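Keep in mind that the numbers below use all heavy atoms, side chains included, and drop hydrogens, waters and symmetry copies. Here the structure is a predicted model, which means the values were calculated and not measured. The first residue in the sequence is number 1, and the count goes up from there.
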Amino acid sequence: MKNLLMVAAAGAVLCASCGGNSNGTHPNPFLAEYDTPYEIPPFDRIEYADYLPALDSGISQKKAEIAAIVANPDTATFANTIMPLERSGEILDKVAAVFFALDESNSSPEMVEIAETFYPVYSQFADEMTMNDSLFARIKHVYDTRESAGLAPDQIRAVEEYYKQFTRNGALLDADSKQQLKDVNTELTNLYLAFNKNLLSATNEFAIVVEDSTRLAGLPESSIAQAAEAAKERGEEGKWVFTLHAPSRLPLLQFADDRDLRREMYEGYTNLASSGQYNNLPVINKILQARARKAALLGYKDFGAYMTANVMAKTTENAENLLMQIWRPAVKRVKEEVSEMQAIADSEGAGITIAPWDYYYYAEKVRKQKYDLDESKVREYFAIDSVRNGIFTMAERLYGVKFTEMPDAPKYFDEVTVYDVTDAATGEHVAVFMTDYFPRASKRQGAWMSEFKGSWQKADSTSSRPVIYNVGNFSRPTADAPALLTLDEVETMFHEFGHGLHGMLSRARLKSQAGTNVDRDFVELPSQIHEHWALEPELLRTYAKHYRTGEVIPDELIAKLEASATHNQGFTTAELAGAALLDLQFGKLNPEGDIDVAAFEANVAQQLGMPAELTFRYRPTYFKHVFGSDGYASGYYTYLWAEVLDTDGFELFKEKGIFDPETARKFKENILEKGGSEDPMQLYVKFRGQEPSVDALLRNRGLKPEATINLSSKSGK
């Protein structure tokens, strides 16, 4: 219910040409209709001074709209209560979408200062709205009479979601408890702001400066070139600088022969924001305590119970049940992988025992030995423009949409590319799509999708079409070569594009149900299922071309990629499942005072039997999914939950043909277009024809199934 609760989308973007507003003549772009193509925000006209006044105007507008709903003397109905809520807050939606975007991808000291006011004010108004007794009374009446009111199924679901979200946000509390909840929410907003600020600062502060070129042995030329350019930017010309951003960090861990260099990078990353000026440990303690108070106020035994009650899993126990069925086979595979790596180290006379900073390095050696596959050579077939052609080809063949660049369209940063998305058969405008793929100091790590404008059905039954964007931190081009992506980056690009398709192709009637406005443990299905196409031979042959020669990827190399598809999946799966299990354990805490976060983490690892050679994918101090917002708190498991769905679903495509028109139609109509307008498990069954089991996930990862889990029992159906 993003429109209702005004929850900040996980990863918004932006950048504006930001100047002052001292002469008083500058018109605030947020307060007028956008006169741009397809209502793209006019980024070049947005100034720092516009945000807070637009926030104030947006809140005033929405307050007036809510007051009008409450003042209506007629009995509450869907038409006079829910629909006005759906259509309210136009200014607020516009300024929030742009501000959240910029704060994530192009921050600055000015934005940090604005954020310290913006987030608390925004959060406090959200509380004020959801704790409005008169408004809730009208929603409750519509809820109580929903079955006899002649409503369509999506309308009934919307009523139920509004009621649920209002009650989950304190609508049933007494006045004193409501005030306590408001205070806790404001505290959490400020803590998330502090966590993210520390994380970005700590990430940008860390750097490894290499002065001796012999220490670069083993690294790909592209990584060395990027490190040289990074050094030049920092005034260290003639040296090499490596940072914690993935395009710099991961190749070093994977290819650097210098073990001390690998260890320095590994320890720098795994101790990120855990000491010094940007220490997130005190922030985490305050977050845990505030969350415990919030859960207690709302009648839940702990914060994990509060978070999982609202999604498909229903309980932390159900989520743990799924994760443990994945964790145990993954750990068994890790032991096999480590044994293979240790054998290579011993044969080379390395005289070491495999440690965490050796995992990527020796896993790559195992890959070369077992499959004769060198990823540094594979990357030469995955220039970023080629991969972009691949995702667009996939979308056109599956869903009949075409992407045409709009070179003159507004953009928030000069590296952003904007596309007009149209129906390939009719030419009808479907969406605007933006890409922002390279790292910079002002952008947080990771990759994400969000929107500057959602989609919905207008009062005249026409469709308002969305403005969607993808953000990444992929390998940059160098002076001698375009951006050459790793296999992981290729899959990430397909993943985020899958989220983008969920937003672009939405046909849900209601704004609160459109696109990615679905249960958190369902939202990753569209993103993850599209990862499968990335390395499918039929698509590979259309887009994977050598960046120098233009040669199509040879069949021999495709065969090696297929043979190595489950390589290192013990590590990858255990790292992910372990982090998800750690997240759930944090959600069970009800601390009244500070805890030793590191000791708690170590205890969870011990209880799980975490292999000594790896750690959690994210340690607490940089686990942004969990402590940077509420978004994935007690919900990081959803990536694996959704993978049960996506692997099972892709097996249907494999059976029928990866571009089978009928299968693609069913996925588009039942998953991508429906959004949150129906129960997610029902939508999945309409597409797939059956409920999924964990077995497909394990097969896809090359792991041996231990048991079968029926997710329908976890969806409350």
Side-chain angles (χ1 to χ4, degrees), residues 208 218-219 244 246 249-272 274 323-371 373 375 486-488 564-583 585 598-623 636 639-640 698 701-704 706:
I208 297 174
L219 284 167
L244 294 178
R249 180 184 82 250
L250 294 178
L252 188 150
L253 291 171
Q254 189 172 7
F255 296 108
D257 294 335
D258 188 323
R259 193 180 190 221
D260 289 337
L261 190 59
R262 298 199 307 270
R263 179 171 183 165
E264 186 177 357
M265 178 61 79
Y266 176 84
E267 291 181 342
Y269 181 63
T270 56
N271 291 303
L272 180 61
S274 61
L323 290 173
M324 290 306 296
Q325 293 183 66
I326 299 168
W327 170 258
R328 290 187 291 266
V331 170
K332 289 180 181 178
R333 173 61 68 85
V334 166
K335 294 177 181 178
E336 296 170 3
E337 291 170 356
V338 171
S339 178
E340 291 177 327
M341 292 188 288
Q342 189 66 57
I344 288 181
D346 293 345
S347 71
E348 294 178 345
I352 66 167
T353 299
I354 297 296
W357 46 89
D358 299 316
Y359 213 111
Y360 282 101
Y361 180 72
Y362 280 99
E364 181 63 21
K365 285 179 175 285
V366 171
R367 189 199 326 243
K368 288 181 182 178
Q369 184 182 85
K370 291 179 69 173
Y371 308 107
L373 188 65
E375 184 164 351
T486 66
L487 292 176
D488 181 68
S564 65
T566 60
H567 171 68
N568 212 35
Q569 281 299 309
F571 170 83
T572 302
T573 309
E575 196 188 35
L576 173 58
L581 286 161
L582 175 64
D583 168 39
Q585 301 316 304
F600 179 81
E601 176 192 4
N603 183 61
V604 172
Q606 181 182 18
Q607 294 297 318
L608 288 174
M610 172 72 74
E613 297 83 6
L614 56 82
T615 187
F616 300 104
R617 173 167 293 187
Y618 298 106
R619 299 191 66 199
T621 53
Y622 53 93
F623 206 162
Y636 192 65
Y639 287 97
L640 285 166
L698 296 174
R701 288 177 175 259
L703 305 175
K704 185 178 180 181
E706 286 193 340

Could you walk me through whether Phe616 and Phe623 pass the ring-ring contact (aromatic ring centres under 6.0 Å, His included) test, one step at a time? CA-CA 10 Å; Phe616 300 104; Phe623 206 162; 8.7 Å; no
Tyr266 backbone acceptor or donor facing Thr270 side chain under 3.5 Å: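 Confirmed, Thr270 side chain pairs with Tyr266 backbone.
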N/O donor-acceptor pair under 3.5 Å between Ser274 side chain and Asn271 backbone: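 Confirmed, Ser274 side chain pairs with Asn271 backbone.
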With rounding to the nearest 0.5 Å, note down the distance linking [atom1] in [X] to [atom2] in [Y].
{"X": "Gln254", "Y": "Leu219", "atom1": "CD", "atom2": "CG", "result": "10.0 Å"}
{"X": "Leu272", "Y": "Arg619", "atom1": "CG", "atom2": "CZ", "result": "10.5 Å"}
{"X": "Leu323", "Y": "Arg328", "atom1": "CG", "atom2": "CZ", "result": "10.5 Å"}
{"X": "Leu252", "Y": "Ile208", "atom1": "CG", "atom2": "CD1", "result": "6.0 Å"}
{"X": "Asn568", "Y": "Glu364", "atom1": "CG", "atom2": "CD", "result": "9.5 Å"}
{"X": "Thr566", "Y": "Arg333", "atom1": "OG1", "atom2": "CZ", "result": "5.5 Å"}

By the salt bridge (Lys or Arg N to Asp or Glu O under 4.0 Å) test, which pairs, at least two apart or in different chains, include something from residues 337-346? Glu340-Lys370
Could you please spell out the steps behind the side chain to side chain donor-acceptor pair (under 3.5 Å) verdict for Arg701 and Thr573? CA-CA 8 Å; Arg701 288 177 175 259; Thr573 309; 2.6 Å; yes
Which residue pairs satisfy the ring-ring contact (aromatic ring centres under 6.0 Å, His included) criterion with at least one member in residues 323-350, sequence neighbours excluded? none
Only one of Arg262, Lys365, Gln342 clears side chain to side chain donor-acceptor pair (under 3.5 Å) with Asp358; which?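 Going through the options one by one, the only one that passes is Arg262.
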Any chance the rings of Phe255 and Tyr360 have centres within less than 6.0 Å? no
Work out which heavy atom in Ala574 is nearest to a heavy atom in Leu614; give both atom names and the distance.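 Smallest interatomic distance, heavy atoms only, reads CB-CD2, 4.3 Å.
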Shortest non-hydrogen contact between Thr353 and Arg259, atoms and distance: O-NH2, 3.3 Å
Flag the pair Val331 / Pro611 as yes when at least one side-chain heavy-atom distance between them is below 4.5 Å, and no otherwise. yes
Would Tyr269 and Tyr622 count as a ring-ring contact (aromatic ring centres under 6.0 Å, His included) if you check the C-alpha gap in whole Å, the side-chain angles of each, and the deciding distance to 0.1 Å? CA-CA 9 Å; Tyr269 181 63; Tyr622 53 93; 4.7 Å; yes
Are the charged groups of Glu267 and Arg263 less than 4.0 angstrom apart, N to O?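 Looking at Glu267 and Arg263, the cut-off is met.
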Looking at Lys368 and Glu375, does any basic side-chain N land under 4.0 Å from a carboxylate oxygen?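 Salt bridge: no.
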Using only heavy-atom distances, determine whether the side chains of Tyr361 and Asp257 contain a donor-acceptor pair under 3.5 Å.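 Yes, Asp257 and Tyr361 have a side-chain donor paired with an acceptor closer than 3.5 Å.
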Please determine whether side-chain contact (heavy atoms from CB on, under 4.5 Å) holds for the pair Leu576 and Tyr636, giving the CA-CA distance in whole Å, both sets of side-chain angles, and the decisive distance to 0.1 Å. CA-CA 9 Å; Leu576 173 58; Tyr636 192 65; 3.4 Å; yes
